[in-house]
Amino acid sequence: MTTFDYATFTGRNLGFVSEDEQRRIREAHVFVSGVGGLGGSALMCLVRAGIGRITITDVNAFDLSNLNRQMVATLDTIGEPKAETTAAAIAQINPECEVAIIGTDWVDQLDAVLPQATVVINGCDDQKATIAMMRKAEEHKRTVVDSFSSPLPSVYVVHPHDPRPEVTFRYPSVGKSLDEIDDVMLATCFEKEVEYVMVHSSSADHLDLDVAAQVVAGKRARPSFAPMVWTTGCLMAYEALRVVLERPGGPGFHGTFFNPWTWQVERPRHPVVGAIRRFFIRRLFARLTNPS
């Protein structure tokens with residue numbers, strides 16, 4: 001059996017990062033909520049970069065539909081819990097990495113988890129839990145790396161002093177307690193995020209709009225695609241490392257989209273242009289969701 005050696009494991013990182021930066025990566029602690037598609041691909045990049053401590057949560061088990069995009073999903077892992085299976089996969093890459101798993105009550109544990117984390121990656125598709133985490137991250141002055149519900153690879157980074165995504169996306173949950181946020185409000189929150197994506201990127205050109213309308217209406221699951229998911233995960237990993245290494249720059253809380261079909265980086269539009277596009281996007285949504 002091969003003997004693991006961290007220096008050999010990370011030796012070819014040097015040049016991309018310095019020896020001191022690699023030490024900082026090893027000492028960093030990353031919290032990842034959701035280790036399926038986006039969270040799982042970002043996590044695996046960070047594991048192979050040499051992150052030394054990881055806390056993960058995921059309340060689901062792998063199923064057949066996960067095989068198209070989730071890094072740890074294989075026929076052998078179908079039916080297995082995602083968090084525990086991912087922890088076992090990490091041990092096969094870097095057995096020295098300290099991995100902690102928190103369960104279904106992870107939102108209630110944020111006050112204990114966030115102060116320990118260097119950076120947070122959100123791969124959770126539970127909107128209410130995400131709102132709770134973003135609010136708690138502001139309280140504990142932690143940076144969260146996230147991505148949009150978009151057919152294009154994307155990333156945005158919410159630093160402690162930044163407005164919360166629910167403000168940026170114009171959610172109706174702003175100013176509401178978690179107990180006041182019901183399913184109807186959450187559905188509107190999702191619509192607002194999709195609207196933001198359509199306004200500030202060319203996403204509408206790269207997704208079947210009839211499918212998008214069904215997703216917004218809650219009639220089908222969000223479409224997902226391995227090249228998009230893994231590219232997004234890589235972008236999220238880069239931003240997490242930017243936080244760990246305290247390197248300047250990044251997409252900020254407004255976010256950035258990468259269009260692999262045109263090789264263009266798409267940034268949020270000018271407010272005037274955005275307002276005009278928002279008007280037409282809302283008309284389009286109304287027509288798609290109410291065809292009569």
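The structure presented is a predicted model; accordingly, all values stated were derived computationally and were not measured.
S202 places a side-chain heavy atom less than 4.5 Å from the side chain of L152. With contacts defined as side-chain heavy-atom distances shorter than 4.5 Å, the pair W106/M133 qualifies. For the pair L67/F62, no side-chain contact is recorded, criterion being any heavy-atom separation below 4.5 Å from C-beta on. Side chains of W230 and M71 form a contact here, defined as non-hydrogen atoms less than 4.5 Å apart. I121 places none of its side-chain heavy atoms less than 4.5 Å from the side chain of S33. Side-chain contact check for K82 versus N66: some heavy-atom pair is nearer than 4.5 Å. Looking at heavy atoms from C-beta onward, V145 lies in side-chain contact with V155 at the 4.5 angstrom threshold. No side-chain heavy atom of T143 sits less than 4.5 Å from a side-chain heavy atom of V158.
Note that NZ of K128 is 6.5 Å distant from CG of L186, once rounded to the nearest 0.5 Å. One finds the CD1 atom of I93 at 10.0 Å from the CZ atom of F4 (value rounded to the nearest 0.5 Å). A distance of 5.0 Å separates CD1 in I25 from CG in L245, rounded to the nearest 0.5 Å. How far CZ of R164 is from OG1 of T130: 12.5 Å, rounded to the nearest 0.5 Å. Put simply, CZ on R23 and OG on S18 are 9.0 Å apart, with the number rounded to the nearest 0.5 Å. From I131, atom CD1 reaches atom NZ of K136 across 14.5 Å, with rounding to the nearest 0.5 Å.
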Quick one, Y171 with Q127, criterion side-chain contact (heavy atoms from CB on, under 4.5 Å). Give me CA distance, side-chain angles, the key distance, then yes/no. CA-CA 11 Å; Y171 284 0; Q127 211 144 24; 3.1 Å; yes
Would E195 and R170 satisfy salt bridge (charged side-chain N to carboxylate O under 4.0 Å, His left out), going step by step from the backbone distance to the final call? CA-CA 10 Å; E195 178 185 283; R170 307 184 181 196; 5.7 Å; no
CA sep, side-chain torsions, deciding dist, call: I54, C97, side-chain contact (heavy atoms from CB on, under 4.5 Å): CA-CA 7 Å; I54 295 169; C97 182; 3.6 Å; yes
Worked check of side-chain contact (heavy atoms from CB on, under 4.5 Å) between F31 and I102: CA-CA 10 Å; F31 171 48; I102 52 178; 3.9 Å; yes
Tell me, with the steps shown, if L110 and V107 meet side-chain contact (heavy atoms from CB on, under 4.5 Å). CA-CA 5 Å; L110 287 172; V107 172; 4.2 Å; yes
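Contacts of S173 classified as side-chain hydrogen bond (donor to acceptor under 3.5 Å, both in side chains), with partners at least two apart in sequence or in another chain: E166.
Across every non-hydrogen atom of S147 and E193, the tightest pair is O-OE2, 4.1 Å. Looking at every heavy atom in both residues, A132 comes nearest to L178 through CB-CD1, 3.6 Å. Here the closest heavy-atom approach between residue G103 and residue Q109 is recorded as N-NE2, 4.4 Å. For the pair L46 and A237, the tightest heavy-atom approach, listed with the atom from each and the gap, is CD2-O, 3.7 Å. Nearest heavy-atom pair across P151 and L207 is CG-CB, 4.0 Å. Residues P248 and R242 approach most closely at O-NH1, 2.6 Å, considering heavy atoms.
Under the 4.0 Å criterion applied to side-chain N and carboxylate O atoms, R26 and E96 are assigned as salt-bridge partners. Ion pairing of R24 with E27 is absent here, as no side-chain N (NZ or NE/NH1/NH2) approaches a carboxylate O to less than 4.0 Å. Ion pairing of E138 with R135 is absent here, as no side-chain N (NZ or NE/NH1/NH2) approaches a carboxylate O to less than 4.0 Å.
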Considering only distance and modelled atom types, tabulate donor-acceptor pairs under 3.5 Å from the side chains of residues 5-17, sequence neighbours left out.
unit_1	atom_1	unit_2	atom_2	d
D5	OD2	A7	N	3.4
D5	OD2	T8	N	2.8
D5	OD2	T8	OG1	2.7
Y6	OH	Q22	NE2	2.9
Y6	OH	G50	O	2.7
T10	OG1	Y6	O	2.9
N13	ND2	Q22	OE1	2.9
N13	ND2	A49	O	3.0

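Of the possible donor and acceptor atoms, one in the side chain of R142 sits under 3.5 Å from a partner among the backbone N and O of A117. Put simply, the side chain of T231 never gets that close to the backbone of M228: no donor and acceptor are under 3.5 Å apart. Panel note: side chain S201, backbone M198; no donor-acceptor pair is recorded below 3.5 Å. Side-chain atoms of R220 do not come within 3.5 Å of backbone N or O of V211 as any donor-acceptor pair. Of the possible donor and acceptor atoms, one in the side chain of E180 sits under 3.5 Å from a partner among the backbone N and O of S177. Of the possible donor and acceptor atoms, one in the side chain of H200 sits under 3.5 Å from a partner among the backbone N and O of R269. Counting only distance, with no hydrogens or angles, the side chain of Q116 and the backbone of A112 share a donor-acceptor pair below 3.5 Å. In this structure a side-chain-to-backbone donor-acceptor pair under 3.5 Å is missing from H159 to H161.
Placement of V32 and V59 in two distinct hydrophobic clusters is found when ILVMFWY residues are connected by side-chain heavy-atom separations under 4.5 Å, directly or transitively. Linking ILVMFWY side-chain heavy atoms closer than 4.5 Å, directly or via other members, places V157 and L43 in a single hydrophobic cluster. Cluster annotation: V47 is connected to V99 through the hydrophobic network of ILVMFWY side chains, with a link wherever side-chain heavy atoms come within less than 4.5 Å. Connection of V35 to M236 is established within a shared hydrophobic cluster, with ILVMFWY side chains joined at heavy-atom distances below 4.5 Å, either directly or through further cluster members. In the hydrophobic clustering of ILVMFWY residues, with side-chain heavy atoms under 4.5 Å counting as a link, I90 and L38 come out together.
Ring pair F148/F257 is parallel by interplanar angle, where below 30° counts as parallel and above 60° as perpendicular.
Proximity of the aromatic rings of F253 and Y156 is defined here by a centroid distance below 6.0 angstrom, and this criterion is not met.
Using modelled atom types and a 3.5 Å distance limit, the side chains of H254 and T168 yield no donor-acceptor pair. Residues Q264 and N259 have side chains that never bring a donor and an acceptor to within less than 3.5 angstrom of each other. If you check the side chains of S203 and S150, you find a donor sitting under 3.5 Å from an acceptor.
Residue F279 forms a side-chain contact (heavy atoms from CB on, under 4.5 Å) with just one option from R277, R283, R282, and that option is R283. The only member of T118, V119, V244 that meets side-chain contact (heavy atoms from CB on, under 4.5 Å) when paired with H29 is T118.
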